[in-house]
Every structure is written in C-alpha cells, then in structure tokens.
Protein chains: 2
Amino acid sequence: MAATFVPKLLDDCGSCPIRQRAVCARCEPDELQHLEQIKYYRSFEAGQTVIWSGDRMDFVASVVTGVATLTQTMEDGRRQMVGLLLPSDFVGRPGRGSASYDVTAATDMVMCCFRRKPFEDLLLSTPHVAQRLLEMTLDELDAAREWLLLLGRKTALERIASLLVIIARRRAALGSTSAGGAVVFDLPLTREQMADYLGLTLETVSRKMTDLRQKGMITIAGNRRVTITDLDALAAVTGDDSDGPAVGQPVPGPMRRYAKGGA
Amino acid sequence: MAATFVPKLLDDCGSCPIRQRAVCARCEPDELQHLEQIKYYRSFEAGQTVIWSGDRMDFVASVVTGVATLTQTMEDGRRQMVGLLLPSDFVGRPGRGSASYDVTAATDMVMCCFRRKPFEDLLLSTPHVAQRLLEMTLDELDAAREWLLLLGRKTALERIASLLVIIARRRAALGSTSAGGAVVFDLPLTREQMADYLGLTLETVSRKMTDLRQKGMITIAGNRRVTITDLDALAAVTGDDSDGPAVGQPVPGPMRRYAKGGA
DNA sequence: CGCCTCTTTGAAGAAGGTCAAGCACGGTGG
DNA sequence: CCACCGTGCTTGACCTTCTTCAAAGAGGCG
C-alpha cells in the first residue's frame with residue numbers, strides 16, 4: 001500500500017538507480033555534491049496528485065522509481081495525457097513558477113526533487129546540468145512528435161500496439177528481463193489512462209486489446225500483466241517503419257491520396 | 001516567384017528581423033561576432049524541400065522570413081505535420097547528423113544557417129546560446145503538448161479554430177497589423193497542409209472553414225486571405241480556456257464521463 | 001484566354017464514440 | 001476458508017463524426 005521507499009539508500013547519488021540517465025547524468029563529483037545539497041525525496045502512492053496545473057511549483061524533479069503522468073483537461077472534462085514520465089524523466093520547467101499540467105502518480109512513485117531557485121542557479125553555473133537538460137528536452141520533443149503522428153494519423157489498433165511497444169522498450173532500457181521474442185511487464189496504466197494517452201475511449205482501448213489478444217500477439221493476465229508474444233510482430237502493427245516494414249498488414253481505412261512526395 | 005531575399009541587408013545581425021527572438025537573442029556583441037563567422041543564408045521557394053528525413057544534415061538554422069513545415073510520413077503515405085516553423089524558429093538538432101523529419105518551405109523562405117560542428121562548439125563555449133536554445137526547446141515542447149490535446153481530443157471545428165488563432169497570434173507577436181477585434185492575414189498553408197497539421201482530411205478542413213465562414217466568424221478571400229472577424233469569439237470555439245470560458249458553445253459530441261478529478 | 005491546381009460540395013461508408021449492462025479480479029470481512 | 005463487494009474491465013447495440021470517393025467550381029498564372 002504505502003510506497004516502497006528507502007531514502008536512506010539513495011542519499012548517496014552514487015547508488016541511485018537513475019544516475020546514468022537523469023538530469024545529473026553528466027555531473028562531475030563536485031557538481032553532484034552541489035546537487036545533493038538541494039535535493040530531497042518525495043514519495044507518492046498510485047493515484048495521488050503530485051501537483052495541479054496552475055499551482056505554484058517551487059521545485060523541479062526526477063522520477064526515480066514508478067510512473068507519473070502529465071495531463072491536460074478541457075473545461076468540459078475531456079482529458080489528454082501529454083507526458084508519461086518513467087524513471088529518470090524530468091518534471092517541471094526551470095524559469096516557471098507554476099505547473100502547466102496536472103502531474104499524477106500512476107503507480108507508487110519516488111521523486112528526487114530540487115528546490116527550483118537553487119536548481120536554476122545551477123543551470124547557469126554548471127554547464128553539465130544544462131547540457132543534459134537540453135539533451136533530455138530535445139528527446140522529449142522527439143517523443144512528442146512521434147506522439148503527434150500517433151494521435152493524428154494512426155488507427156486505434158496501431159495506437160495500442162505503439163503504446164505497448166513504447167512501454168516494453170523503455171522497460172528494457174532500464175534493464176528488465178526481456179528475453180529474445182517475448183516480453184512481460186505490468187502495465188503502469190489503467191485502460192482509462194491508456195485511453196487518455198492514446199486519444200481514445202476506454203471502451204475502444206479494451207476492444208482493441210482484446211483484438212490483439214485474439215490475434216495471439218499478446219496475453220493478458222489479471223488486467224495488468226501483459227506478455228508480448230513477439231515484439232517484432234507487434235512492432236509491425238504500429239505502422240512505424242522501424243526495422244521491418246509493416247507490409248502484409250494492410251492499413252484498414254485510408255489507402256488513397258498518397259501519391260505525394262513532390263521533390 | 002523567386003524568393004524575395006536581400007542577404008546584403010542581413011549580413012549585419014543588428015538589422016536582422018528575428019534578432020530579438022531567435023537562438024541568438026541573448027548573445028553579447030562578441031558572441032554575435034562569433035555566430036556571424038559561421039552563418040550563411042539560404043533561400044527557398046514555396047514548395048521546395050529543405051531536407052528529407054534521414055538525409056545528412058550538416059547545419060542548423062533559424063527561419064528568418066517565411067514558413068516551413070516539419071512532417072512525418074508513414075509507409076502507406078499517411079502524413080502528419082509535427083512542426084510549423086515561423087520566423088525566429090529553430091531547425092535541426094545539435095548532436096544529430098541527420099534530419100529526423102522532412103523539412104519543407106510552405107512559403108518563400110529565408111533561413112539563417114550555421115554549420116553544425118562550429119555551432120555545437122558554440123553551445124559548449126557560449127552559455128547564452130545554449131540557454132536560449134533550451135528556452136526555445138521548452139517552448140516548443142509546450143506547444144507540442146497543446147498540439148497533442150488538439151489531435152487527441154478536439155473536434156474538427158475546434159481544431160480549425162485553434163490553428164487560425166495560433167497563426168493569428170504568432171503574426172501579431174511579430175508585429176503585424178492586428179486591430180482590436182478583426183485580424184487579417186494570408187494563410188501560409190494550403191488546405192491539405194492544414195489537414196496535415198490538424199490530423200484531418202483536406203475535405204473536412206474545407207467543410208469546417210465553410211462552417212466558420214457561414215457563422216460569420218471569418219471571411220475568406222481568394223482561398224488564402226483570412227479575416228478573423230472577432231478573435232475572442234474565435235478563441236471561444238477552440239475549446240481552450242484562455243480568457244473567457246467556452247461556455248455557450250456546447251461541445252457537439254462528448255458530454256459524459258467527465259466527473260473525474262479525484263483529489 | 002485557357003489551363004492547372006487548389007478548393008468546394010455531395011453522397012455513402014466506416015471507425016470510433018456513446019450509452020448500458022454484465023463480468024472478473026483482488027481485497028475484505030465474516 | 002470462502003462469500004461478498006467494489007473497482008476496473010469487457011462486451012453489445014446503436015449513433016455521430018469524420019473519411020472516402022466523386023465531380024464540379026474558382027482563382028492564379030502563363
């Protein structure tokens with residue numbers, strides 16, 4: 001129930017699980033010491049709100065363990081996720097004193113927080129933090145642009161497959177057990193949260209998950225535990241041209257007006 | 001026909017129209033001199049491709065005049081715009097030697113290019129360029145997240161209204177003639193390009209533009225020249241809660257399952 | 001003046017959304 | 001240890017929005 005959080009183990013950045021990927025990744029020992037002076041840990045339980053959009057935000061942070069979401073909500077309640085924060089991801093914007101989005105813990109979570117003002121000073125004084133932050137922000141922008149393609153042009157089935165592949169790949173990058181073909185992981189999101197990510201309804205998410213299951217591409221145990229039978233096969237359903245083309249999986253709807261290019 | 005391009009006038013950064021907003025905005029005179037040594041201008045005609053996704057890219061650049069687009073294309077031809085670059089916007093990613101997206105001139109355009117390697121060196125040596133680039137990248141990320149909401153949750157009419165407001169506001173920021181209520185500008189995009197931005201088909205764009213015209217919110221002259229009769233009224237159609245709420249403009253479809261929030 | 005491209009408009013169809021039950025897993029208490 | 005309960009998930013029937021296919025209209029440039 002309570003967040004499994006052992007701050008004692010983390011007081012030393014050297015043993016931090018996200019040390020190599022977070023905003024501090026490039027820091028020299030002396031810079032790290034500086035960071036350690038302004039850092040503190042906060043833990044959240046699944047479902048807890050970290051901060052509401054518009055609220056005063058006096059810190060920035062790294063996700064250490066767990067998963068958080070950034071969401072935007074329209075006045076009538078329509079909701080769109082605009083960020084999915086996995087371990088090592090950065091929260092908050094230097095130079096801005098209020099939150100732009102709702103930040104919510106999707107799972108039990110631990111964040112490594114830095115008071116904002118000292119962190120901003122650090123950005124000006126230690127280039128390695130600023131450089132890493134720029135790099136991470138550019139990565140996030142690339143991810144957001146992939147996301148635009150997903151929301152703008154992909155079918156519901158392609159969206160689901162894309163999300164599963166994204167999660168599977170990020171899990172693998174963090175060093176989980178991903179055997180050759182099959183990948184197993186616990187979904188950090190409910191169907192509704194998946195829908196918010198994908199620009200769909202939870203019913204459509206459910207239906208298309210069922211489709212993938214019936215096609216033998218995934219198995220689902222207890223709603224959350226997903227086994228991807230064959231990651232490459234699933235990747236072929238995403239519509240992306242990563243390695244092997246998605247040929248043989250003809251696109252349901254649109255098959256026209258694609259003679260463009262025009263050099 | 002040919003790009004109206006007067007590089008002579010721009011050799012001096014002091015007279016550059018985007019001097020205050022571009023990646024060089026924070027530069028001191030000596031830093032600017034350094035930039036001037038590695039810069040060169042390129043001009044493009046409307047429709048020309050600046051670079052193809054995947055191609056080698058040995059420069060980064062700022063848009064000086066005109067409009068460019070970043071687009072992603074799926075194998076079957078589905079296309080989604082993922083960036084709309086107006087004057088002062090930045091093109092290219094430091095540290096990456098190839099283009100991630102197709103870059104196309106939507107109008108006649110002039111770009112101020114910097115050779116990539118020297119620019120990357122500059123990022124490490126002159127903090128003002130790196131700081132400004134981080135700020136601009138964060139702004140782009142925010143814009144991308146607004147775009148995610150648009151593609152994920154907005155109706156076709158809301159999307160059109162949103163795009164018109166975005167263009168109108170950016171034009172105003174660059175100091176065009178925006179009288180109190182009415183705003184006039186030339187659309188820098190064809191219906192098809194608007195559709196690529198909005199995740200719609202060009203037919204739907206055309207239909208909804210007609211709807212806005214019939215509602216008296218805009219007038220259209222010669223396909224491209226748009227007059228926004230009342231910017232605030234149009235903003236109310238976007239679904240955003242900027243100033244005045246969008247009440248009184250009930251959302252067509254979804255009116256349920258919005259009881260969330262959960263503190 | 002005429003071609004060409006871009007745009008508009010119409011009619012039919014499909015993907016996904018909406019509303020409404022019913023199901024299942026996991027946790028709780030008897 | 002097992003029945004109960006609640007939240008989250010699945011499934012069904014119907015409907016709306018947007019897409020698809022098709023054709024005609026308008027603006028711009030040669």
Side-chain angles (χ1 to χ4, degrees), chain A residues 1 46-47 76-80 106-107 150-160 186-196 198-214 218 220-226 239 250-260 262, chain B residues 1-2 45-47 76-79 106-107 150-160 186-196 198-214 218 220-226 250-260 262:
Chain A
M1 192 54 35
D76 57 18
R78 280 175 285 175
R79 182 161 49 239
Q80 176 63 48
T107 66
L150 182 151
L151 292 178
R153 296 303 184 194
K154 288 189 178 179
T155 65
L157 194 67
E158 289 170 335
R159 295 182 199 204
I160 302 279
D186 282 327
L187 274 177
L189 305 176
T190 65
R191 297 290 182 275
E192 183 172 33
Q193 289 169 324
M194 292 175 69
D196 287 343
L198 298 170
L200 300 170
T201 60
L202 67 91
E203 293 95 330
T204 299
V205 171
S206 179
R207 277 186 249 271
K208 297 303 177 180
M209 290 282 281
T210 299
D211 288 354
L212 284 178
R213 184 157 43 78
Q214 290 176 344
I218 61 173
I220 306 174
N223 286 346
R224 288 300 189 97
R225 170 135 292 176
V226 172
V251 176
M255 282 308 280
R256 56 131 204 175
R257 79 173 75 225
Y258 297 141
K260 278 304 157 48
Chain B
M1 190 52 33
E45 293 181 19
D76 57 19
R78 281 175 283 175
R79 182 161 47 238
T107 66
L150 182 151
L151 292 179
R153 297 302 184 195
K154 288 189 179 180
T155 66
L157 193 69
E158 289 171 336
R159 296 183 198 202
I160 302 280
D186 282 327
L187 272 178
L189 304 175
T190 65
R191 297 290 181 273
E192 181 172 33
Q193 289 169 324
M194 292 175 69
D196 287 343
L198 298 170
L200 300 169
T201 60
L202 67 91
E203 292 96 329
T204 298
V205 170
S206 179
R207 277 185 249 270
K208 297 304 176 179
M209 289 282 283
T210 299
D211 287 354
L212 284 179
R213 184 157 42 80
Q214 290 177 344
I218 61 173
I220 306 174
N223 285 345
R224 287 301 188 98
R225 169 134 293 175
V226 171
V251 176
M255 280 310 278
R256 57 127 205 178
R257 81 175 74 227
Y258 298 142
K260 276 306 155 47

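So that the names make sense, note that chain A is the first sequence line, chain B the second, and so on, each numbered from 1. Owing to the predicted nature of the structure, the values given are computational and were not obtained by experimental measurement.
Between A/L200 and B/Q214, it is B/Q214 whose nearest contact on DNA chain C lies nearer the 5' terminus.
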Notebook entry, point to check: Just by protein heavy atoms under 4.0 Å, how would nucleotides 1-8 of chain D read 5' to 3' in B, S and -?
Noted result: --------

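Distance, A/L198 CG to C/dG16 P: 12 Å, rounded to whole Å. Straight-line distance from the CD1 atom of B/I160 to the C1' atom of C/dT7: 13 Å, rounded to whole Å. The nearest whole Å value for the distance from the CG atom in A/L150 to the C1' atom in C/dG16 is 15 Å. A straight line from CG of B/L187 to P of C/dC6 spans 15 Å, rounded to a whole angstrom. Rounded to whole Å, atom P of C/dA21 lies 14 Å from atom CD of A/E203. For A/R213 and C/dA24, the CZ to P distance is 12 Å, given to the nearest whole Å. In this structure, the CG atom of B/L202 is 15 Å from the P atom of D/dA22, given to the nearest Å. Regarding B/K154, its NZ atom lies at a distance of 18 Å from the P atom of C/dG17, rounded to whole Å.
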Distances for protein N/O vs nucleotides 2-4 of chain C N/O pairs under 3.5 angstrom?
none

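Distances from the side chain of B/R207 to the nucleotides C/dA11, D/dT11, C/dT8 place C/dA11 closest. Checked against C/dG16, C/dT8, D/dC18, the side chain of B/S206 finds its nearest nucleotide in C/dT8.
Residue A/L202 holds its CG atom at 11.0 Å from CD of A/Q193, rounded to the nearest 0.5 Å. Rounded to the nearest 0.5 Å, atoms CG (B/L150) and CG (B/L198) are 6.0 Å apart.
B/R153 and B/E158 are not joined by a salt bridge, as no carboxylate oxygen comes within less than 4.0 angstrom of a charged side-chain nitrogen.
Annotation for A/T201 and A/A195: closest pair C-CB, 3.5 Å, computed over non-hydrogen atoms. In this structure, A/G199 and A/L151 approach most closely via the heavy-atom pair N-CD2, 3.7 Å. Listed here is the closest heavy atom pair of A/A106 and A/L189: CB-CD2, 4.1 Å.
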Next item on the list: Step by step, work out the side-chain contact (heavy atoms from CB on, under 4.5 Å) result for B/I160 and B/R207.
Entry: CA-CA 10 Å; B/I160 302 280; B/R207 277 185 249 270; over 6 Å; no

Next item on the list: Would you please test B/K154 and A/Q80 for side-chain contact (heavy atoms from CB on, under 4.5 Å) and show each step?
Entry: CA-CA 10 Å; B/K154 288 189 179 180; A/Q80 176 63 48; over 6 Å; no

Next item on the list: May I have the step-by-step check of side-chain contact (heavy atoms from CB on, under 4.5 Å) for B/R224 and B/T190, ending in yes or no?
Entry: CA-CA 8 Å; B/R224 287 301 188 98; B/T190 65; 3.2 Å; yes

Next item on the list: Check step by step if side-chain contact (heavy atoms from CB on, under 4.5 Å) holds for B/R159 and B/K208.
Entry: CA-CA 9 Å; B/R159 296 183 198 202; B/K208 297 304 176 179; over 6 Å; no

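Note on the helix from C/dC1-D/dG30 to C/dG30-D/dC1: angle between the axes of the first and last five pairs equals 30°, rounded to 10 degrees.
Judged purely by atom type and a 3.5 angstrom limit, A/R191 uses its side chain to pair as donor or acceptor with the backbone of A/N223. Proximity of a side-chain donor or acceptor of A/T210 to a complementary backbone N or O of A/S206 within less than 3.5 Å is detected.
Phosphate contact (OP1/OP2 of D/dT17, side-chain N/O of B/T155, threshold under 4.0 Å): absent.
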